[in-house]
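Written below as structure tokens is the structure these notes are about.
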Amino acid sequence: MKITSVSAMQVLDTREKPTVEVTLISGEMVVHASVPSGKSTGSHEALELRDADGGMGTAIANVEGEIASLITSREWSSADEIDTALIALDGTRDKSRLGANAILGVSIAVQRLFAEAAGVPLWKAIAERGGFSAAAPRLYLNFMNGGEHADFRLPFQEYIFVVGGKTSEAYAIAQDAFAKLGTVLKSVLKSNFNTFNTEIPMGDEGGYSPKFEELEKPFELLAALVAEHSGTSIAIDAAANALRNDIGGYTLIGKDYTPDELRALYAGLIKKFPFHSIEDPFAETSMGDFAKLTAEAGEVIIVGDDLTVTNPERIKTAREAKAITAVLIKPNQIGSVKEAIEAVQMTRAAGWAAICSHRSGETDDTFIADFAYGVGAHGIKAGGLGQKERREKYERLVEIEKEAEAV
Ligand code: PGA
Ligand code: ZN
């Protein structure tokens, strides 16, 4: 593969914050890739390079300067070979010299080029690259947004409706359930506040963001939807880093919890509602509390996100501590497709589930859908249905279902 042109531009994500889009040209092939951006980030994530004014000037200069010089200088035999060279060129542990956003944009575009050159769909190229059996992931739809993504109107960051099975059927169920939830929320808010102004605010990830003082209310609403559709369940991302108080515990809706009390709260919720998984139930520094909850959670999956940050070394440490039973995989937490694939392999080696995820600041790039299908992930988190950039990921999975039937 000879790459002849490398360029980048600044685009805006769903929060209207700058991010980077990369374009690569090789012969007749032209590919693009853009990179999402998180808000509730783990402290061990690779570095997103942003100028003092929030812009992408330096990241773009790095793509069009050093990175372009390297990757246009010779022929390449694989996407892995280019990723290895990019990681070495940066030379830091957290990609802070060139920027994980600059490197990942190029890395995703490179994966697209090699798939196109081989004449295979993107998901298939990813499956072959990592030695995975491609398969449809469960849809993890963030129906109600809270935490940092919605000014803490709800304490947990994500109240998720999980749908398994064939994607086209799962997506149809999700559409029906999301619309139903909107109708129910309107009537609940109307009776609570006796007002005609029943506009429900939306959170960053295209889910409804009502405000309830009762901690269990969102679960009652989700459980009602689950009761209507077999093969569905509830998940949360507690994103507990953001719930920490300064007395060594957590605060939810004005009430303080010690780590043990919070664990008891989760145990009660699991007992009462049809839970499938709980992500980041404790802060990223509290590996021991993760392990205690995992030991008593039974069938319910405990997921690491800020805890593990798609980093093979941190996944290994969590494995030794038996801290979790699933890992959230976000390519931009680590900064290259190669390392994201390694993180999935490490997760599988531990006997755990991989759940692939978008970020709260998204673009129209649907790479994560192909990635989730290609690695045969347990699930994909791509937000609620109230935002186009979220729906596009699920819709790409429905397209993949058709492609997979045809190839
Ligand atoms: P983020 O949130 O993209 O803002 O980090 C998503 C998550 O915590 O899973
Ligand atoms: Zn998370």
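Remember, it's 1-based here, ligands and their atoms both numbered in the order they're listed. Every heavy atom of this structure was used, including side-chain atoms; hydrogens, water molecules and symmetry mates were not. Treat the numbers as computed from the prediction; the structure is a model and nothing was measured.
Note: an N/O pair closer than 3.5 Å links K381 and ligand 1 by distance alone. When only interatomic distances are considered, the shortest N/O to N/O separation between D305 and ligand 1 falls below 3.5 Å. In terms of N/O distances under 3.5 Å, ligand 1 is approached by E279.
Contact detail for L215 and P155: the closest heavy-atom pair is CD1-CG, 4.3 Å. The two residues A238 and Y266 make their nearest non-hydrogen contact at CB-OH, 3.4 Å. Contact between E362 and D365 at its shortest, heavy atoms only, is OE1-O, 4.2 Å.
Contact annotation: E158 has at least one heavy atom less than 4.0 Å from an atom of ligand 1. At least one heavy atom of L328 sits closer than 4.0 Å to an atom of ligand 1. Heavy atoms of S40 approach ligand 1 to within less than 4.0 angstrom. Not a single heavy atom of E148 sits under 4.0 Å from any atom of ligand 1.
When only non-hydrogen protein atoms are considered, atom 2 (O) of ligand 1 lies nearest to H149 CE1, 3.1 Å. Counting protein heavy atoms only, atom 8 (O) of ligand 1 is closest to Q157 NE2, 2.9 Å.
Residue-ligand proximity, D237 to ligand 1, at heavy-atom distances under 4.0 Å covers atoms 7 (C), 8 (O), 9 (O). Near S360, with a cut-off below 4.0 Å to any heavy atom, the atoms of ligand 1 are 1 (P), 3 (O), 4 (O).
Looking at heavy atoms from C-beta onward, F371 lies in side-chain contact with V344 at the 4.5 angstrom threshold. With a 4.5 Å cut-off on side-chain heavy atoms, M346 and E342 do not count as touching. The closest side-chain heavy-atom distance from I82 to I3 is below 4.5 Å.
For the residues E45, K330, Q333, R359, the heavy atom positioned nearest atom 7 (C) of ligand 1 is part of K330.
Taking the Zn ion (ligand 2) as reference, the nearest N/O/S atom within D305 carries the name OD2.
With the Zn ion (ligand 2) at the apex, D237 OD2 and E279 OE2 define an angle of roughly 90° (rounded to 10 degrees).
Close placement of the Y208 and F178 rings is indicated, their centers lying within 6.0 Å of each other.
D305 pairs in a salt bridge (charged side-chain N to carboxylate O under 4.0 Å, His left out) with only one of the listed residues (K330, K381, R314, R359), which is K330.
Expressed to the nearest 0.5 Å, how far CG of D80 lies from CZ of F114 amounts to 9.5 Å.
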